[in-house]
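Along the sequence shown, residues carry numbers from 1. Each ligand, and each atom within it, is numbered from 1 in the order the structure gives. On a predicted model such as this, the values are computed, not experimentally measured, just so you know.
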Amino acid sequence: MITNPEQLGQIINDELNQVEITDVHTHLFSANFGSMLLWGIDEVLTYHYLIAEFFRYSRLDYGEFFSLPKTEQADLVWQTLFLDRSPVSEAQRGALTILNRLGLDVKSRDLDEYREYYRSRTIEQQIDTVFDLAGIKEVVMTNDPFDPQEREIWKSGAGNQDPRFKAALRIDPLLMDYENSYKVLQGEGYEVDAHLGGNSLQEIRRFIRDWVLRMDALYLAVSLPPDFNLSQDSTRTRITEECVLPVCRELDIPFAPMIGVNRLVNKRLGFAGDSLGKADVRVIEYLCTNYPENKFLVTMLSRENQHELAITARKYGNLMVFGCWWFLNNPTIVREITSIRMETLGLSFIPQHSDARVLEHLIYKWEHSKSIIGQVLEAKYTDLLATGWGLTRESVSQDVQALFSTNFENFLRS
Ligand code: RAT
Ligand code: ZN
């Protein structure tokens, strides 16, 4: 039985160090995807979170920056964000956590030395090292059948060869850009037209089904703008209600709407130019009420949506809330959101995903998040001890595993 705070802190730390994480949403790929898997210091430094921060200080022409070779972009970011000033933002700190945990000398500030480390590494070794350092068991990829390069990899059978990398079928073009994306379906032999006439809906269902099965996808995901709703009779509404939801039901996989992105607010910044807005949580109520046989994995991007999303999850067993997504993945906000969720949902949520785009991101995203989630949990346990409640190492272990892996696995199976 755990009786005092020191013992409690030690046990939580042990459990956090041991837990094997399932990372439910990343942009990583297995080594079989070749150049699609990003890794290495130059990729870390040119992460779009850091590019946005670079342009807070630089007036360089955007086009000029993006036309430079990656190493030169990384040199500029390193100079501007790490040498010219202290790297205090979360993404800056993240790059330093990575270097430090890989055993590199952060004090030296010597980018060439960091590059040198990578010259002796193979991607296979680096995956093992990073998974080990970050405590990862499995990551879920973001798999796009509208990307010709990726499509070919799946068709060749190489997509599922590393069991540590699970698939998630991502269908943004289908819901966000049907006027163009239907042509991809046509090119792949599906009988669809621009207006959802004829056999289009049936064929879109066949397309989704074929890709879920080919990838063995754990869920079907889409990122959506803040004004997402299903109250208008639009192409998006029809594809969602008549194709996406029926196929998810049939194959018993969750639908994962990720809501709140305003894409390309500043187009010239490319990937780094996306922003966010507050969404209407009633669309989640609508989905969970009208489709009780479907399961919904939901994350929202605006801080303002977080309390109402947690309350919504109290109303529906078919709703699983996950992650502190993207602009929310800052220590202050992770602490706040995790506290709100724990106080309203107990342990029945998935506190975090990494959204890693570069392999090494797993190291910092998980170290930083684990520490805060652990502190929130510790505060709650301390309150429990004050009531006279008894905790054991086993109960702590079970709770930590729920948060970092089994809630997801059980939701998939439910
Ligand atoms: O966090 C990110 O890297 C974003 O660019 C997006 O990828 C977002 O997470 C998404 O999946 O749309
Ligand atoms: Zn993402």
Side-chain angles (χ1 to χ4, degrees), residues 22-29 33 36-39 43-55 66 77 89-92 94-95 98 136 139-147 150 165-177 181 217-228 236 254-277 279 297-303 305-306 321-330 333-334 337 350-366 368-369 408:
T22 300
D23 191 339
V24 307
H25 170 60
T26 75
H27 297 268
L28 301 177
F29 296 92
F33 287 75
M36 291 183 70
L37 169 58
L38 305 181
W39 64 297
E43 296 294 352
V44 167
L45 291 175
T46 52
Y47 186 25
H48 68 90
Y49 294 25
L50 287 174
I51 303 272
E53 292 175 30
F54 167 78
F55 280 106
F66 288 115
V77 171
S89 81
E90 174 61 8
Q92 288 171 307
I98 291 171
I136 305 288
V139 303
V140 183
M141 306 179 277
T142 296
N143 301 105
D144 179 2
F146 292 91
D147 173 358
E150 179 160 358
F165 292 80
K166 308 289 186 201
L169 174 59
R170 180 81 171 236
I171 52 154
D172 293 21
L174 205 51
L175 293 187
M176 297 299 299
D177 187 26
S181 65
L218 298 186
Y219 62 82
L220 198 150
V222 60
S223 74
L224 294 159
D227 62 3
F228 172 59
R236 186 185 300 162
F255 174 46
M258 303 168 62
I259 306 173
V261 192
N262 273 326
R263 293 281 178 208
L264 297 178
V265 167
N266 181 353
K267 287 192 180 51
R268 289 168 307 165
L269 263 179
F271 248 165
D274 296 343
S275 193
L276 83 172
L297 260 174
V298 177
T299 197
M300 295 178 88
L301 193 51
S302 158
R303 181 185 180 190
N305 281 124
Q306 301 308 318
V321 169
F322 77 96
C324 299
W325 179 23
W326 196 351
F327 306 116
L328 298 173
N329 193 355
N330 283 340
I333 305 182
V334 173
I337 295 177
I350 298 168
Q352 193 53 308
H353 66 272
S354 75
D355 237 307
R357 279 186 180 270
V358 180
L359 178 63
E360 290 82 355
H361 284 163
L362 292 172
I363 299 172
Y364 97 78
K365 303 255 188 180
W366 281 110
H368 295 187
S369 292
F408 178 62

So H25 and H27, would you call those rings parallel, tilted or perpendicular, with 30° and 60° as cut-offs?
perpendicular
Classify the ring geometry between F55 and F66 as parallel (under 30°), tilted (30 to 60°) or perpendicular (over 60°).
tilted
Side chains of Q352 and N329: donor-acceptor distance under 3.5 Å anywhere?
yes
Considering residues at least two apart in sequence or located in another chain, which fulfil the salt bridge (Lys or Arg N to Asp or Glu O under 4.0 Å) criterion with D144?
none
Could you tell me whether D355 and R357 have a side-chain N and a carboxylate O separated by less than 4.0 Å?
no
Strictly under 4.0 angstrom, heavy-atom based: which residues surround ligand 1?
H25, H27, H48, Y49, R170, S223, M258, R263, W325, W326, D355, R357
With distance as the sole criterion, is a donor-acceptor pair present between the side chains of W326 and D274 under 3.5 Å?
no
Verify, without hydrogens or angle tests, whether H368 (side chain) and K365 (backbone) share a donor-acceptor contact under 3.5 angstrom.
no
Between S275 and R263, is there a side-chain donor-acceptor contact under 3.5 Å, judged purely by atom types and distance?
no
Apply salt bridge (Lys or Arg N to Asp or Glu O under 4.0 Å) to E90 and list each qualifying residue two or more places apart in sequence or on a separate chain.
R93
May I ask you to list the protein N, O or S atoms found at less than 2.8 Å from the Zn ion (ligand 2)?
H25 NE2, H27 NE2, D355 OD1
